[in-house]
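Residue numbering restarts at 1 for every chain, and letters A, B, ... go by the order of the sequence lines.
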There are 2 protein chains.
Amino acid sequence: MITLTEENYIKAIYHLGSNGDTSVNTNAIAEVMQTKASSVTDMIKKLSEKNYADYKKYQGVTLTEAGRVVAVNIIRKHRLWEVFLVEKLNFSWDEVHEVAEHLEHIKSEKLINQLDAFLEFPKHDPHGDPIPDKEGNFQHIEKIILAKAEVGSTYKCVGVDDDSSSFLKYLDSNKIALGTIITIKHREPYDNSIKIALENTEIVVSQNVAKNLYLKKV
Amino acid sequence: MITLTEENYIKAIYHLGSNGDTSVNTNAIAEVMQTKASSVTDMIKKLSEKNYADYKKYQGVTLTEAGRVVAVNIIRKHRLWEVFLVEKLNFSWDEVHEVAEHLEHIKSEKLINQLDAFLEFPKHDPHGDPIPDKEGNFQHIEKIILAKAEVGSTYKCVGVDDDSSSFLKYLDSNKIALGTIITIKHREPYDNSIKIALENTEIVVSQNVAKNLYLKKV
DNA sequence: AATAAAATTTAGACTAGTCTAAAAATATTT
DNA sequence: AAATATTTTTAGACTAGTCTAAATTTTATT
Ligand SMILES: [Mn+2]
Ligand SMILES: [Mn+2]
Ligand SMILES: [Mn+2]
Ligand SMILES: [Mn+2]
């Protein structure tokens, strides 16, 4: 039996370790879990005892295969619920994350598989992130960050790295959505801001924005 | 801020006290909460401090108006999710209760009101129980228990008192569903079993069954 | 290589919710 | 009205998850 808190720590470790590949620091976990390092130490000991994580004192933590299975399953649930909220309940993409944080912990195989079918097996969530299937498989999406796009080329927006409400609302107000086509006009060396062309307008976005928007060449 | 456990105790008190009217015993709560009387005492003290309940030592507990609001809201969520599971995700009526026990604790006004709209404002859940609206209002359903139905009369099945999977599956296997029309043929004085006529067949049901099926005269 | 800084762990305490065992209050029976 | 049985409460202990403060280990700087 796994607790809600354990699930959240496992998810955090998974995301921080680039999908379970690399070792994760105590402080980094404390940061995203909004807790203290000492609490993290206690928890990773527990995850280690339960065989969800490999942990050596002072050396950081990685997920075991069992831990990765848990993480992927929670991510599947999170993203499917996000699709449900947007597609069926008329939520906007900046409103879904918080609610999905709760829904992702509902434990019912049948519920999530039926939800998947009801949504017609979506491949991406409202932020462009891939949705793992029942077996936990999902394809890596080919994408680069706007900050590294080349001037003169044309791209399609395919995802965001920051799914905070304020960032998503910023994109809305600038008419940028998933699927929007943009052309890179100019990179300003002074502050790394970038001028991009949309359908009708040109806008300048900050480095901050450029680091959080994913593109794919078209 | 109210915890999941507090919500469950409030719901139990509401149901045990016939929707918040009468005083509820410590032992009765312990029974439905699957816990010990001493734990219940601790919790009702806490609910009392938080003004969800009125409590005098050794005298049982009742809900305050605030407590009743909480209870009705959880019941609204529980029943709406049950409808969703049956109508949209192809659950059968004996599978929904357990999952709804978890979903009912998701805290989002928008979620539940949009779900309500998505389901087109259902008035009853899959077990015939009324669904409170956004303001907490719901009409009492006119119904009697099969055990007290009169021999010779014809009724429509409108609800169940026991929503355990085994009882609901029993009804399924005897072709009894909500809306089914039955006629009372005979009440056996020896064991209070009742012979009822369905569309094509006659069956005898035990007193146990007769106490858990609600009818409305047609 | 020594020292300082940063990261991590340990020790001990706190809350929510639970338990057992014993004490107190209430209800029932004689 | 007393004795007995039942119900309820209290006292004290336990677990999960958290915290602060202090100790330890690792990393960076001189
Ligand atoms: Mn999200
Ligand atoms: Mn997402
Ligand atoms: Mn139910
Ligand atoms: Mn129901």
Next on the checklist: Rounded to whole Å, how long is the line connecting atom CD of B:Gln59 with atom P of D:dT8?
Outcome noted: 10 Å
Checklist entry - Do the side-chain N or O atoms of B:Asn27 get closer than 4.0 angstrom to the phosphate oxygens (OP1, OP2) of D:dT6? => result no
Checklist entry - Could you give the NZ-to-P distance, from A:Lys56 to C:dT8, as a whole number of Å? => result 16 Å
Next on the checklist: Given C:dT9, D:dC19, C:dT18, identify the nucleotide with an atom nearest to the side chain of A:Tyr55.
Outcome noted: C:dT9
Checklist outcome for this item: By nearest-nucleotide position on DNA chain D, the 5'-leaning member of A:Thr35 and B:Lys57 is B:Lys57
Item to check | Distance test, side-chain N/O of B:Ser39 to OP1/OP2 of C:dC19, below 4.0 Å | outcome: yes
Next on the checklist: Can you measure A:Tyr9 atom OH to D:dA16 atom P for me and round it to whole angstrom units?
Outcome noted: 14 Å
Checklist entry - Is it the case that B:Lys45 places NZ or CZ above or below the six-membered ring of B:Tyr55, under 6.0 angstrom from the centre and within 45 degrees of the axis? => result no
Checklist entry - In whole Å, what is the span from the CD1 atom of B:Ile2 to the P atom of C:dA16? => result 14 Å
Checklist entry - Within the structure, does a side-chain N or O atom of A:Asn25 lie under 4.0 Å from either OP1 or OP2 of C:dT8? => result yes
Item to check | Any A:Tyr58 side-chain nitrogen or oxygen under 4.0 Å from OP1 or OP2 of C:dT10 | outcome: no
Next on the checklist: When you compare the side chains of A:Trp93 and A:Asp172, does any donor N or O come within less than 3.5 Å of an acceptor on the partner?
Outcome noted: yes
Next on the checklist: Is it true that B:Arg76 and B:Asn113 share a donor-acceptor pair across their side chains at a distance under 3.5 Å?
Outcome noted: yes
Next on the checklist: Does A:Lys143 have more than 12 heavy atoms from other residues, nucleotides or ligands lying within 6.0 Å of its NZ?
Outcome noted: yes
Checklist entry - Can you tell me if the side-chain N/O atoms of B:Lys36 get under 4.0 Å from OP1 or OP2 in C:dT20? => result yes
Checklist entry - For the pair made of CG in A:Asn8 and C1' in D:dT18, what is the distance, rounded to whole Å? => result 15 Å
Checklist entry - NA contact type, B:Asp42, heavy-atom cut-off 4.0 Å: base, sugar-phosphate, or nothing? => result base
Next on the checklist: Between P on C:dA16 and CG on A:Leu4, what's the gap in Å once rounded to a whole number?
Outcome noted: 18 Å
Checklist entry - Given side chains that start at C-beta, do those of B:Ile74 and B:Ile10 come closer than 4.5 Å, heavy atoms only? => result no
Checklist entry - C:dA16 C1' sits how many Å from B:Glu7 CD, rounded? => result 15 Å
Checklist entry - Do B:Ser38 side-chain and C:dT20 base share a donor-acceptor contact under 3.5 Å? => result yes
Checklist entry - Does A:Lys45 put a side-chain nitrogen or oxygen below 4.0 Å from OP1 or OP2 of C:dT9? => result no
Item to check | Between C:dC19 (C1') and B:Met43 (CE): distance, integer Å | outcome: 14 Å
Next on the checklist: Is there a side-chain contact between A:Thr41 and the phosphate of C:dT8, meaning an N or O under 4.0 Å from OP1 or OP2?
Outcome noted: no
